[in-house]
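First the proteins, then the strands, lettered A, B, ... as listed; each starts at 1. Note: hydrogens, waters and symmetry copies are ignored here, and every other heavy atom, side chains too, is used.
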Number of protein chains: 2
Amino acid sequence: MTTTGTGTTVGIREVAEHSGLSVDALRWYEREGLLPRAPRGPDGRRRYPERLVGFVRLVVALRRTGMPVADVREFVALTDDGAASHGRRMALLERQRENILRQQAQLADDLAAVGHKIEHYRELIAAGLDCEGLPVPPDVAAVQCLPTLQTERTAS
Amino acid sequence: MTTTGTGTTVGIREVAEHSGLSVDALRWYEREGLLPRAPRGPDGRRRYPERLVGFVRLVVALRRTGMPVADVREFVALTDDGAASHGRRMALLERQRENILRQQAQLADDLAAVGHKIEHYRELIAAGLDCEGLPVPPDVAAVQCLPTLQTERTAS
DNA sequence: GTAGGAGCTTGAGTGCACTCCAGCGCAAGG
DNA sequence: CCTTGCGCTGGAGTGCACTCAAGCTCCTAC
């Protein structure tokens, strides 16, 4: 992090660490228009002002929630139009917000499905039954809870 | 759907429709060991018994929540060991459950980030300001809320 | 002054998870 | 008998989103 005349800026490495993107990915995002061109220092290196770092965070949130690269590109392109595109940018974000809500619902469903299955196994083990409802022989039951048996299947 | 001697079975198409996977994907899953081999009818076609359809649903939930193909394969391989692997299967599912919980937290964060940005735009528009806090000229403001301006940039 | 380290650009390569296709079989309908 | 439709297998192809590599420039520190 460096503070010079125009304000506080950070280098690409720091942005990478804070955003969860790799350095390569950050450069690739910029090339592909998923991020505006970062201003360069006198040595030609990217210096990210705070504004841009915040923007990176937003873009990461959008990508992580499944917005396709093309849509992010569109969103970024709109920032070139300044205030005139605020409405359209907001619309894009609102669409994505709907997506996220859908994902949340889906995730909750999937969590429930997995949870039920876990519960199912727990009951079977507790009751000493196999999947067909037949009793499990004691030697098998003894082995039932051992983790990671190293998938070594009767090595000679 | 067909009901014959051993119970109710469905064809691959129906399974695809109910699971959200494509027919091709279902076949690919089976080939790759993400699903147990489906029993075939007398004509050599896959007939999915109810048990298997339920299993497909579980696998879809696992994949959709980001479990890598390799882990699903492992999970499916464990089913070959019958009741003896119940504990290990449960452990895999529990690990995935933790993942899902993390994703839910992440998703909530991302939703908040997007939501805040939307709110930010809403405020700017309402106040008639641009991103720098300067007032927006009326001609720009008039255009601010038009959706999808067809990205036609001063076509001659 | 030179060795090391970070970053730059451009372009090629990679991994995952399917998707598509050719060439075939089978069964029903006309 | 022939077509239509669905499904089968094995293998090749695809799309997305990076990731990696080569060859370069800077700066810093010894």
Salt bridge (charged side-chain N to carboxylate O under 4.0 Å, His left out) involving [X] - partner list, sequence neighbours excluded:
X        : answer
B:Arg95  : none
A:Asp24  : A:Arg27
A:Arg102 : none
B:Glu17  : none

| query | Under 4.0 Å between a side-chain N/O of A:Ser22 and OP1 or OP2 of D:dT19, yes or no? | reply | yes
Okay, side chain of [X], backbone of [Y]: is any donor-acceptor separation there less than 3.5 Å?
X       : Y       : answer
A:Arg73 : A:Glu32 : yes
B:Arg47 : B:Thr9  : yes
A:Arg63 : A:Met67 : yes

| message | Go nucleotide by nucleotide along DNA chain C from the 5' end; which of A:Trp28 and A:Arg40 gets its closest nucleotide reached first? | response | A:Arg40
| Using a cut-off of 4.0 Å between protein heavy atoms and nucleotide atoms, how would you tag nucleotides 20-30 of chain D 5' to 3' with B, S and -? | B-----B----
Measure from [atom1] on [X] to [atom2] on [N] and round the result to the nearest Å.
X       : N      : atom1 : atom2 : answer
B:Tyr29 : D:dT9  : OH    : C1'   : 20 Å
B:Arg27 : D:dG11 : CZ    : P     : 16 Å
B:Glu30 : D:dT9  : CD    : P     : 7 Å
A:Leu26 : D:dT19 : CG    : P     : 11 Å

Any protein N or O atoms within reach of nucleotides 1-3 of chain D? Criterion: under 3.5 Å, listing atom names and distances.
none

Below 3.5 Å, can you tabulate the donor-acceptor pairs from side chains in residues 123-132 of chain B to any protein atom, sequence neighbours excluded?
residue  : atom : partner  : partner atom : Å
B:Asp130 : OD1  : B:Glu132 : N            : 2.9
B:Asp130 : OD1  : B:Gly133 : N            : 3.1
B:Asp130 : OD1  : B:Leu134 : N            : 2.9

| note | By ring pair (Phe, Tyr, Trp, His ring centres under 6.0 Å), A:Tyr121 pairs with (sequence neighbours left out) B:His86
| said: Show, in sequence, the C-alpha distance, side-chain angles and deciding distance for A:Glu74 and A:Arg88, and conclude whether the salt bridge (charged side-chain N to carboxylate O under 4.0 Å, His left out) test is met. | reply: CA-CA 10 Å; A:Glu74 194 185 334; A:Arg88 273 168 287 158; over 6 Å; no
| request: Just grab all the ring-ring contact (aromatic ring centres under 6.0 Å, His included) pairs involving residues 29-64 of chain B, residues at least two apart or on different chains. | output: none
| Taking any atom under 4.0 angstrom from a heavy atom of chain A, which nucleotides of DNA chain C are the first and last to qualify, 5' to 3'? | C:dG5 to C:dG11
| For A:Thr65 and A:Gln96, does a side-chain donor sit closer than 3.5 Å to a side-chain acceptor? | yes
| said: Below 4.0 angstrom, which residues in residues 55-63 of chain A have at least one non-hydrogen atom near DNA chain D? | reply: A:Arg63
| request: Return the set of residues passing side chain to side chain donor-acceptor pair (under 3.5 Å) with B:Gln106 (not counting sequence neighbours), or none when no residue passes. | output: A:Arg64
